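If you're wondering where the values come from, they're calculated on a predicted model, not measured in any experiment. Just the heavy atoms: all of them, side chains too, but no hydrogens, waters or symmetry mates, feed the values below.
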Amino acid sequence: MEGFDHIARNLESIYHRIEAACRRAGRDPREVTLIAVTKTVTAKEVLAAYRYGVRHFGENRVEEALPKIAEFQQMLSAGEPAPTWHMIGHLQRRKVRDAMPAFDIVHSVDTVRLAAEMSKRLEPLGKEMPILLEVNISGEASKYGFAPADVPAAVEEILQMPHLSIRGLMTMAPIVAHAEDARPYFVKLRALRDELAARYPEVQWSELSMGMSDDFEPAVEEGATMVRIGRAIFQP
Ligand SMILES: *Cc1c(COP(=O)(O)O)cnc(C)c1O
């Protein structure tokens, strides 16, 4: 993968940092899935990361993701397994129909109406979609996501929808000066997950999607099972 050595180096460094964070927290690094966020990078860069072993990719905009996923799929050699594509950004209801065939999991379910549209569009595909509920833990007006207090009502409605399978929660911490300052938001997301797990034991609350390039270490220490990392992988 000529010209993409920086991706290999960045990945190696990130894996080491994830392992170190796991060690500090007494966790098994195999519990943490690295999702390489490929918004803004080309299919060639996605392929480079794939060939270096990455099997999970995240995109945040449907119109950018669909052609890129198709182009990437063409570049794979016979026998190379398809990776898992994660939808991590705000999903507009009018884009759901196009998005459902392309993605394997959606982290950014932020309204009950969106969930209902997804279930409806999944019906003809005969597909069950694993989903995470996005929670606006910080309460910032600029952020998408359920207010923590609204999550139980949303869970009860979504549990009635046949093609969706709740797997956990996702959040974005505010932009902070030091990674450490993001920690309280991760602690709150985990606490909310634990409350929901007690209240809805029929749901498999296994996933906590939290942590990005600038704050993934405290996120892993606080229980992240999925970290979504873009710049730290793809920037030279
Ligand atoms: C872009 C993005 C990321 C990754 O951000 P980086 O700072 O590049 O690591 C993670 N999650 C979401 C929802 C994003 O849109």
Trainee: Have S138 and E140 got a donor and an acceptor in their side chains that come within less than 3.5 Å?
Mentor: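 There is such a pair (donor and acceptor under 3.5 Å, judged by atom type) between the side chains of S138 and E140.
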Trainee: Between S119 (side chain only) and M161 (backbone N and O only), is there a donor and an acceptor less than 3.5 Å apart?
Mentor: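 Answer holds: no.
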Trainee: Between M226 and H107, is there a side-chain heavy-atom distance shorter than 4.5 Å?
Mentor: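 Yes, at least one pair of side-chain atoms sits under 4.5 Å.
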Trainee: Taking the side chain as everything from C-beta on, heavy atoms only, tell me whether D215 gets closer than 4.5 Å to V176.
Mentor: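 No, their side chains stay 4.5 Å or more apart.
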Trainee: Examine distances only and state if a side-chain atom of N10 and a backbone atom of H6 form a donor-acceptor pair shorter than 3.5 Å.
Mentor: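 Yes; judged by distance alone, with no hydrogens or angles, the pair exists.
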Trainee: Classify the side-chain pair R228/S209 by whether it contains a donor and acceptor separated by less than 3.5 Å.
Mentor: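 Yes, a side-chain donor-acceptor pair sits under 3.5 Å.
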Trainee: So do M170 and L133 actually touch side chain to side chain, heavy atoms under 4.5 Å?
Mentor: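 L133 does not reach M170 side chain to side chain.
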Trainee: E195 vs R199, test: salt bridge (charged side-chain N to carboxylate O under 4.0 Å, His left out). Steps then yes/no.
Mentor: CA-CA 6 Å; E195 278 172 41; R199 188 159 167 184; over 6 Å; no
Trainee: Check this for me: does any side-chain nitrogen of one of R183 and E180 sit under 4.0 Å from a carboxylate oxygen of the other?
Mentor: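 Result for this pair is yes, salt bridge flagged.
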Trainee: Do the side chain of R61 and the main chain of K39 share a donor and acceptor less than 3.5 angstrom apart?
Mentor: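 No: the side chain of R61 does not pair with the backbone of K39.
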Trainee: Do E134 and T171 get their side chains close enough for a donor-acceptor pair, meaning under 3.5 Å?
Mentor: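 No donor-acceptor contact under 3.5 Å links the two side chains.
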Trainee: Is there side-chain contact between V106 and S108, with heavy atoms separated by less than 4.5 Å?
Mentor: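 Yes, at least one pair of side-chain atoms sits under 4.5 Å.
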Trainee: Can you check whether T40's main-chain N or O pairs, donor with acceptor, with E64's side chain at less than 3.5 Å?
Mentor: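 Side chain of E64 to backbone of T40: a pair is present.
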Trainee: Is it the case that the ring center of F57 lies less than 6.0 angstrom away from the ring center of W85?
Mentor: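 Between W85 and F57, the centre distance is under 6.0 Å.
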Trainee: With a 4.5 Å cut-off on side-chain heavy-atom distances among I, L, V, M, F, W and Y, is there a chain of contacts connecting I7 to F216?
Mentor: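 Yes, it is one cluster - the side chains of I7 and F216 are joined through contacts under 4.5 Å.
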Trainee: Quick check for you: to the nearest 0.5 Å, what is the distance between L208 atom CG and D194 atom CG?
Mentor: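 The CG atom of L208 sits 8.0 Å away from the CG atom of D194.
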Trainee: When hydrophobic residues are tied together by side-chain contacts of less than 4.5 Å, even through go-betweens, does Y144 share a cluster with I105?
Mentor: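 Unlinked, Y144 and I105 end up in two clusters.
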Trainee: Of all residues at least two apart in sequence or in a different chain, which pass the side chain to side chain donor-acceptor pair (under 3.5 Å) check with E45?
Mentor: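 Applying side chain to side chain donor-acceptor pair (under 3.5 Å) to E45 gives T42.
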Trainee: When the ring planes of H56 and H86 are compared, do they come out parallel, tilted or perpendicular, using 30° and 60° as the limits?
Mentor: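 Rings of H56 and H86: tilted, as their planes differ by 30° to 60°.
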Trainee: Fit a plane to each ring of Y200 and W205, take the angle between them on a 0 to 90° scale, and name the class: parallel (under 30°), tilted (30 to 60°) or perpendicular (over 60°).
Mentor: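 The arrangement is tilted - the two ring planes meet at 30° to 60°.
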Trainee: Spell out, as yes or no, whether a donor-acceptor pair under 3.5 Å connects the side chain of E80 to the backbone of S77.
Mentor: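 Indeed, once roles are kept as given, a pair shorter than 3.5 Å links the two residues.
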Trainee: Nearest heavy-atom pair of S165 and E128: which atoms, and what distance?
Mentor: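 In terms of heavy atoms, the two residues are closest at CB-OE2, 3.5 Å.
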Trainee: Please check if L196 and V203 belong to a single hydrophobic cluster, counting links between Ile, Leu, Val, Met, Phe, Trp and Tyr side chain heavy atoms closer than 4.5 Å.
Mentor: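 Result: yes, single cluster for both.
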Trainee: Are Y52 and F4 near enough that their ring centres are under 6.0 Å apart?
Mentor: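 No, they do not, as the ring centres are separated by 6.0 Å or more.
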Trainee: Can you tell me how far apart CE (M87) and NZ (K95) are? Round to the nearest 0.5 Å.
Mentor: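 Spacing of CE (M87) from NZ (K95) equals 8.5 Å.
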